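Taking it in order: structure first as structure tokens, then the write-up.
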Amino acid sequence: MCGVVGMVSRNPVNRELYDALTVLQHRGQDSAGIMTSANGRYYLRKANGLVRDVFQARHMLRLQGNMGIGHCRYPTAGGASADEAQPLYVNSPFGIGLAHNGNLTNAKTLSELITRSDRRHLNTQSDSEVVLNVFAHELARVARAKPQASDVFKAVAAVHERCHGAYAVAALVVGHGLVAFRDPHGIRPLVLGQRNVDGGPEYMVASESVALDVLGFERLRDVAPGEAIFIEHNGRLHGKVVAPRPELRPCLFELVYLARPDSMLDDISVYKARLRMGEKLAEKILHKRPRHDIDVVIPIPETSRTSALPLAQKLGVPFREGFVKNRYVGRTFIMPGQEERQRSVRHKLNAIDLEFRGKNVLLVDDSIVRGTTSRKIVEMARQAGANKVYFASAAPPVRYPNVYGIDMPVAAELIAHGRNDEEINAYIGSDWLIYQDLEDLADAAREGNTAIEAFEDSCFSGHYLTGDVTADYLAEIAAERADAAKLRRAQTELADALNEG
């Protein structure tokens with residue numbers, strides 16, 4: 001999961017790209033970068049860290065130009081070194097910078113072809129660099145001295161043929177314009193907006209519509225699956241679906257956890273979808289336990305709050321805030337190492353004892369991934385004096401790794417992989433555990449856009465819609481994503497940094 005943004009304006013874009021990235025910061029906290037273009041030159045600033053730390057006044061002053069792209073990242077392929085911070089850049093043809101959200105499932109094969117057949121150099125292990133070089137190579141094959149919309153469309157069509165997996169891309173062709181495109185399934189989100197000012201329209205693309213809202217852009221629509229958009233430096237907009245068989249299958253986990261509730265993705269209100277998730281989960285609870293003894297419903301901040309409120313209303317029990325969150329601790333499911341995650345949970349949440357003491361408490365979370373966080377929270381509820389602790393997940397069991405741009409654990413590290421509900425309940429220490437049904441989750445999301453026939457739901461179902469995810473491939477990513485492997489990479493990067501210093 002990363003955040004991407006691109007803009008073609010009538011005025012300098014440096015500050016607005018910065019503001020957009022701060023709004024998308026929840027999508028990645030490892031690194032951030034902005035690239036702008038003016039007078040046939042590009043200007044780039046990127047580094048590890050949060051947006052507010054990467055960009056100081058001196059950096060902003062150097063980011064000149066009325067068009068640019070931005071990115072905030074956490075790594076799903078490659079490492080977390082500063083070299084892999086985005087936007088990435090190649091100088092041929094024209095000079096192209098690229099910001100990518102997603103993950104290629106054939107990156108290894110493509111890397112070999114790029115170096116052997118396309119004769120292009122790859123400097124990192126990032127699949128985003130693969131996307132960049134494929135696009136650059138294909139654009140070089142078809143483009144004239146000045147790239148036209150038809151050239152961009154041909155190049156993106158070739159990207160769709162060669163690149164498998166998930167990708168939402170904002171690319172800057174230096175001196176010429178902004179290119180945006182989305183994979184043929186539309187797995188990762190990308191939204192197009194417009195703002196009218198003196199001199200003509202301005203355009204913006206972003207991972208979530210909330211970035212458009214903050215900057216005063218009207219959400220026109222989502223970038224369609226398999227579509228290529230080219231916005232010339234003068235503000236002229238071109239768009240065309242260039243994939244042969246596009247089919248909208250957006251990521252269901254975006255609606256459960258990743259996206260901000262005030263965003264619209266593929267015409268679905270994230271907020272309303274989460275309200276419906278809570279209602280459907282309450283219906284399941286009432287079906288399973290019509291004479292429940294729940295005294296209070298308490299959300300685990302913050303993503304689950306929207307689902308927990310209608311759930312409590314439907315059950316007819318009070319909704320209470322029982323945990324106070326420290327907002328300056330990152331998301332725990334992507335932290336390396338179980339010990340680090342458990343320590344982070346205690347620093348992240350503190351219980352309000354009076355909301356737990358002597359009560360039968362239903363804790364509501366958006367999902368259960370490793371189970372370590374859930375186990376620690378149940379323990380905290382008991383320490384705060386709860387009589388019984390029940391646990392409800394607004395999402396189904398997460399049983400399989402995600403290969404489309406979410407850095408979920410490998411299967412062996414997922415608490416629900418190979419375990420039934422009773423075994424999971426015993427592990428996290430709750431008195432009763434209930435999950436959302438996958439069909440109900442999909443219905444809660446689809447109600448916002450009935451044109452969507454199905455979602456990308458592989459982490460719940462094990463069905464990988466690109467059709468190229470084999471057991472061998474899953475074994476390879478397991479070796480890369482396991483906690484032990486992440487720790488080794490972190491140690492290597494730290495050693496390299498110390499040596500450079």
Side-chain angles (χ1 to χ4, degrees), residues 4-10 35-40 42 65-69 87-100 102 104 110 113-114 117-120 128 130-164 167-186 188 190-194 200-206 220-248:
V4 302
V5 61
M7 187 182 300
V8 176
S9 178
R10 308 287 170 176
M35 177 179 175
T36 60
S37 173
N39 302 317
Y42 80 91
N66 295 355
M67 60 181 183
I69 57 176
L88 299 171
Y89 173 79
V90 292
N91 68 352
S92 176
F94 311 112
I96 300 174
L98 180 139
H100 165 228
L104 299 189
L110 272 178
L113 288 172
I114 286 168
S117 301
D118 296 353
R119 292 181 171 82
R120 302 185 72 92
S128 300
V130 173
V131 178
L132 170 59
N133 276 275
V134 170
F135 174 65
H137 177 76
E138 297 300 336
L139 186 60
R141 289 176 55 186
V142 300
R144 288 154 275 189
K146 178 181 179 182
Q148 306 295 312
S150 58
D151 302 329
V152 171
F153 296 157
K154 290 175 184 176
V156 175
V159 171
H160 292 325
E161 290 180 8
R162 298 181 64 181
C163 294
H164 304 161
Y167 44 91
V169 169
L172 185 65
V173 183
V174 176
H176 298 287
L178 175 71
V179 178
F181 55 91
R182 199 174 173 197
D183 69 77
H185 293 96
R188 301 262 69 86
L190 195 62
V191 187
L192 172 67
Q194 177 180 328
E202 299 176 325
Y203 293 100
M204 177 179 174
V205 294
L220 292 180
R221 58 181 178 83
D222 297 89
V223 177
E227 183 180 18
I229 287 177
F230 181 46
I231 307 168
E232 297 182 53
H233 65 93
N234 59 11
R236 187 178 178 188
L237 173 70
H238 310 266
K240 183 180 180 181
V241 175
V242 295
R245 291 174 299 278
E247 187 179 36
L248 182 58

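For clarity, every value in this text was computed on a predicted model and none was experimentally measured. Position 1 is the first residue of the sequence, and the numbers go up from there. All values below were derived from every heavy atom in this structure, side-chain atoms included, with hydrogens, water molecules and symmetry-related copies excluded.
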Inset, instruction - Give the minimum heavy-atom separation between Met67 and Gly175, together with the two atoms involved. - result: CE-N, 3.6 Å
Inset, instruction - Over all heavy atoms of both residues, which pair between Ala38 and Gly65 is shortest? Give the atoms and the distance, please. - result: CB-CA, 3.5 Å
Legend entry - Pair Arg144 + Asp151: basic N to acidic O under 4.0 Å: yes
Inset, instruction - Please examine the side chains of Val131 and Leu104, heavy atoms only from C-beta on, and report whether any two atoms are closer than 4.5 Å. - result: yes
Legend entry - Residues in ring-ring contact (aromatic ring centres under 6.0 Å, His included) contact with Phe135, at least two apart in sequence or another chain: Phe181
Inset, instruction - Evaluate side-chain contact (heavy atoms from CB on, under 4.5 Å) for Ile69 paired with Leu178, printing each intermediate quantity in order. - result: CA-CA 8 Å; Ile69 57 176; Leu178 175 71; 3.4 Å; yes
Inset, instruction - Look at the side chain of Asp222 and the backbone N and O of Ala224, then say whether any donor-acceptor pair between them is shorter than 3.5 Å. - result: no
Legend entry - Check: Glu247 side chain, Arg245 main-chain N or O, donor-acceptor pair, under 3.5 Å: no
Legend entry - Worked check of side-chain contact (heavy atoms from CB on, under 4.5 Å) between Arg182 and Tyr167: CA-CA 6 Å; Arg182 199 174 173 197; Tyr167 44 91; over 6 Å; no
Identify each donor-acceptor pair in which a side-chain atom of residues 233-242 lies under 3.5 Å from a protein atom, sequence neighbours left out, and give them as a table.
unit_1, atom_1, unit_2, atom_2, d
Asn234, OD1, Arg236, N, 3.1
His238, NE2, Glu232, OE2, 2.6

Inset, instruction - Go through Arg120 and Leu132 one step at a time and tell me if the side-chain contact (heavy atoms from CB on, under 4.5 Å) criterion holds. - result: CA-CA 11 Å; Arg120 302 185 72 92; Leu132 170 59; over 6 Å; no
Legend entry - Counterpart residues, salt bridge (Lys or Arg N to Asp or Glu O under 4.0 Å), relative to Arg10 (two or more places apart): none
Inset, instruction - Determine, step by step, whether Ser117 and His137 satisfy the side-chain contact (heavy atoms from CB on, under 4.5 Å) criterion, reporting the C-alpha distance in whole Å, the side-chain angles of both residues, the deciding distance to 0.1 Å, and the verdict. - result: CA-CA 11 Å; Ser117 301; His137 177 76; over 6 Å; no
